[in-house]
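Step one of this worksheet: look at the structure below.
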Amino acid sequence: MYAQVAIKGPYGGLFSYTIPDALREAAIPGALALVPMGRGNRTGLIWSLADTCDYTGEIKPLADILGDTPPLNAELMRLLDYIARYYRQAPASIAAAALPAHLLHDRKRRVIWLGETAPPDSLSPALRALADHLRKRKNGLMESTIAQHVGRAGLDRKLKLLRDDGLIRIEESWDARHKARENPHWEAEEQAEVRQLHEPPQLTDEQQEAVDALNEAITAGRFAPFLLQGVTGSGKTEVYFRAVETALAQGRQALLLVPEISLTPQLTARYRVRFHETLAVFHSGLTPARRHDEWRRARSGQARVIIGARSALFAPFADLGLIVVDEEHDGSYKQEEGVPYHARDMAIVRASFNQAVVVLGSATPAMESLHNAQHGKYHHLRLTQRATGADLPPIELVDLSDPQNREGMRAHSLIGKTLREAMSETLAAGKQSLLFLNRRGFAPALLCNLCGHSVSCPNCAVALTLHKGRNQLMCHYCDHVADPPDVCPECGQLGLIRFGPGTERLEEEVKQRFPDANVARLDRDAVKGSADRLAKTLDAFRSGAVDILVGTQMIAKGHHFSGLSLVGVIAAESAMSQPDFRAAERAFQLVTQVAGRAGRERGQTGRVLVQTFDPQHYALTAAACHDADLFADQELRFRAEAEYPPFSRMALVRFSCEDLGEGDRFVAELRRNLPHTEGALVLGPAPAPLSKLRGRHRWQLMIKGADIRMVHQAVGRILAAAEPLAGRNLRIGVDIDPQAFV
DNA sequence: AGCACGCCGACT
DNA sequence: GTCGGCGTGCTC
Ligand SMILES: [Zn+2]
Ligand SMILES: [Zn+2]
């Protein structure tokens, strides 16, 4: 019997080890193992057990099993294996995404000074300096601490010399913090007020129908996927609550996935009021130790309901009966950084492995989900009425290219005449306005008005972002920071002008036009560094203390403002700034979502103005009449004609290399040896749109196939052709079902 | 990817 | 001679 162990490494694959008798009980899939690797030991995750192994070299035995219970159970291991195969990712990177960061860590070394006396005079100056540092602590120093004091450079070599001279002893350890803490942190408790008596609201007929359908499926205890399509304000959350209660009543557990941006204290407080001490919260803001506490609470079964963002997909459960994916269309469920898995798609898979019910909720479902619903793969539940009975607000498209509307607009002005007039009427009536601006396309920058150059990052092919407060240029992709230059780096002239962030410019313009109004701004910069700033600004707007709120994505989701009567979208096409095949879908989702902030209460007439240069665009006209079906018809027709997903499947294979010439030569060589796959279309390899990232030049190759099997097959063949051609400096990455094409 | 080894040029 | 940058080989 061999243990196949996932270890972070080059082949990304699995390494086989024999299992010593002493470890036979403990060495099961999902357990953490200490294994001999090369000259030393590494930690890894036992992926599977096998009777045979095809490695022909010497096979070593497992050194140890870490912790007393395996962190991952069989159910999670099955999911991890599926993800590794589906997304063509190294098992070790999936393991790293699924385990608390604590558990898979690197070797730690403690250095202990042995000599009673002073170091011998024969030591060279560099060794002497190190020895003097080590001599001060009798019980030793951690290597990382030493590195902080005397520098990383050459430390390994120096320590080796001191050890060879018998002056120090080096102890290695891989012990993770497997033990639970004495006083584990409890995120849900931290955030919620006293337990309140909760009176569940009356359901509308539509809600009741949806709840009935879900309850029936949950009670049946079989895999059943649902698409819950409900207009903004239709009360999807209450439907989720009821479904969760049903799952709990069946003795099963529930997982709620929400977009990272929605996972606010206000949201978790709502769930806490309903589910009390059975709730655990997973979010990226938790420290590793706190995250580990929540994770353990879930694994022990103490938590029955878990709410979290993308990575909560891997939360451990004993008996998972329900998964809810809220805002299932949201792009944050698939990320390119790290492991490119789609949490919504894998939630479906996990539900099927658990005979669980899965609910995808959205006002504006992804075309993939709608297509599945239309073909009977998902049960389609619809909520067409707002829970409050309020009408959806009328949406007007305002043509920004219309000279009449441009009247009174200055060069960089963002507000056209129509919106301006609507704002002043709203203000005169004592009502509130909300202006939405997409962060993308309005980033603050340092531009040369003589040559048009914008100061860009030396490591990445992007313009640097100007941070006003710190007066520094920063890169969004890498950690590059620079002082703003005085002269243009391109033409050498004094032509540089500061172009503030869109929201700040918008705020200034609003203040200029409406000097008597109370204006507030909410964007990433405005809330940075103060946790309650977001809540405070939202409260001020809710209470009516603020007349006009200006903001980005942050204000588009979920919030409920009763005094709000005007919503303005500054530039609808900003959602289409990335020109990929999902651009129209994003624009429709954006306008629908922002419009949903207006007129949520009965008897209130909200108004939504959407500024655009293309008022004829079908995504905007459909959004303007709140017709998701009309949009879906047109968008699915376009996708079908162009053979885009959901009518085909795609993959990207990315290549990157620090050296441009080496990358170019590799790509040229690959082009000559590009294998063909029947039924799959291959485009490229060509330079990626984002041609340089963190000092690495980038290329990509796009694969389109009729189904996922074709795509997998083509990816397999291309990797088989590319890997032998790639030197150690060239990195290859695979992205199945890509969301972004940069 | 780590990690260790060893070549070589810079420095003193 | 010492120091450290950097290319190279190996890993069940
Ligand atoms: Zn210039
Ligand atoms: Zn950069």
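Letters go in sequence order (proteins before strands), and every chain restarts at 1. Note that this is a predicted model, so its numbers are computed, not measured.
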Side-chain polar contacts of residues 14-36 of chain A - donor-acceptor pairs under 3.5 angstrom, sequence neighbours left out - could you list them?
residue : atom : partner : partner atom : Å
A:S16   : OG   : A:Q4    : NE2          : 3.0
A:Y17   : OH   : A:P36   : O            : 2.8
A:D21   : OD1  : A:R24   : NE           : 3.4
A:R24   : NH2  : A:I19   : O            : 2.9

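- Nearest to the side chain of A:M37, among C:dC10, C:dC12, B:dC5, sits C:dC12.
- Dashed line: the shortest gap from a side-chain N or O of A:R42 to OP1 or OP2 of B:dA1 is not under 4.0 Å.
- Stacking is not found between A:F15 and the pyrimidine-like six-membered ring of the C:dC12 base under the 5.5 Å centre-distance and 30° plane-angle cut-offs.
- Shown here are the side chain to side chain contact (heavy atoms under 4.5 Å, CB included) partners of A:P738, two or more places apart in sequence or in another chain: A:M650, A:L652, A:D735, A:F741.
- A:N41 places its CG atom 21 Å from the P atom of B:dA1, with the value rounded to the nearest Å.
- Contact check on A:E171 versus A:R110 returns no salt bridge, with no Lys/Arg side-chain nitrogen under 4.0 Å from an Asp/Glu carboxylate oxygen.
- Between A:L49 atom CG and C:dC12 atom P the separation is 19 Å, expressed in whole Å.
- In the set C:dC12, B:dA4, C:dG9, B:dA4 carries the atom at the smallest distance from any side-chain atom of A:D156.
- Comparing C:dC12, B:dA4, B:dA1 by their closest approach to the side chain of A:R109 singles out B:dA4.
- The phosphate of B:dA1 (OP1 or OP2) has no side-chain N or O of A:K8 nearer than 4.0 angstrom.
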Item to check | B/S/- contact track for nucleotides 1-7 of chain C, protein heavy atom under 4.0 Å | outcome: -SSBB--

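- Nucleotide C:dC12 holds its P atom 12 Å from the CG atom of A:L62, rounded to whole Å.
- A:I7 has its CD1 atom 7 Å from the C1' atom of C:dC12, to the nearest Å.
- Within 4.0 Å (heavy atoms only), A:Y17 reaches sugar-phosphate atoms of the nucleic acid but no base atom.
- In this structure, CZ of A:R152 is placed 12 Å from C1' of B:dG2, rounded to the nearest angstrom.
- Within the 4.0 angstrom heavy-atom criterion, no nucleotide atom of any strand lies near A:Q4.
- Both tests hold for A:R78 against A:F353: distance to the six-membered ring centre under 6.0 Å, angle to the ring axis within 45°.
- Taking the six-membered ring wherever Trp is involved, the centroid distance between the rings of A:Y86 and A:H712 falls below 6.0 Å.
- In this entry the distance linking CD1 of A:I46 with P of C:dC12 reads 16 Å, nearest Å.
- The nearest whole Å value for the distance from the CG atom in A:L730 to the P atom in C:dT8 is 16 Å.
- Rounded to an integer number of Å, the gap from CG of A:L159 to C1' of B:dC3 is 14 Å.
- Here A:D293 pairs with A:R296 in a salt bridge; the nearest charged N to carboxylate O distance falls below 4.0 Å.
- Going from atom CE of A:M346 over to atom OH of A:Y82 covers 5.5 Å, rounded to the nearest 0.5 Å.
- For A:R39, counting side-chain heavy atoms from C-beta on, the closest listed nucleotide (C:dC12, B:dG2, B:dA4) is B:dA4.
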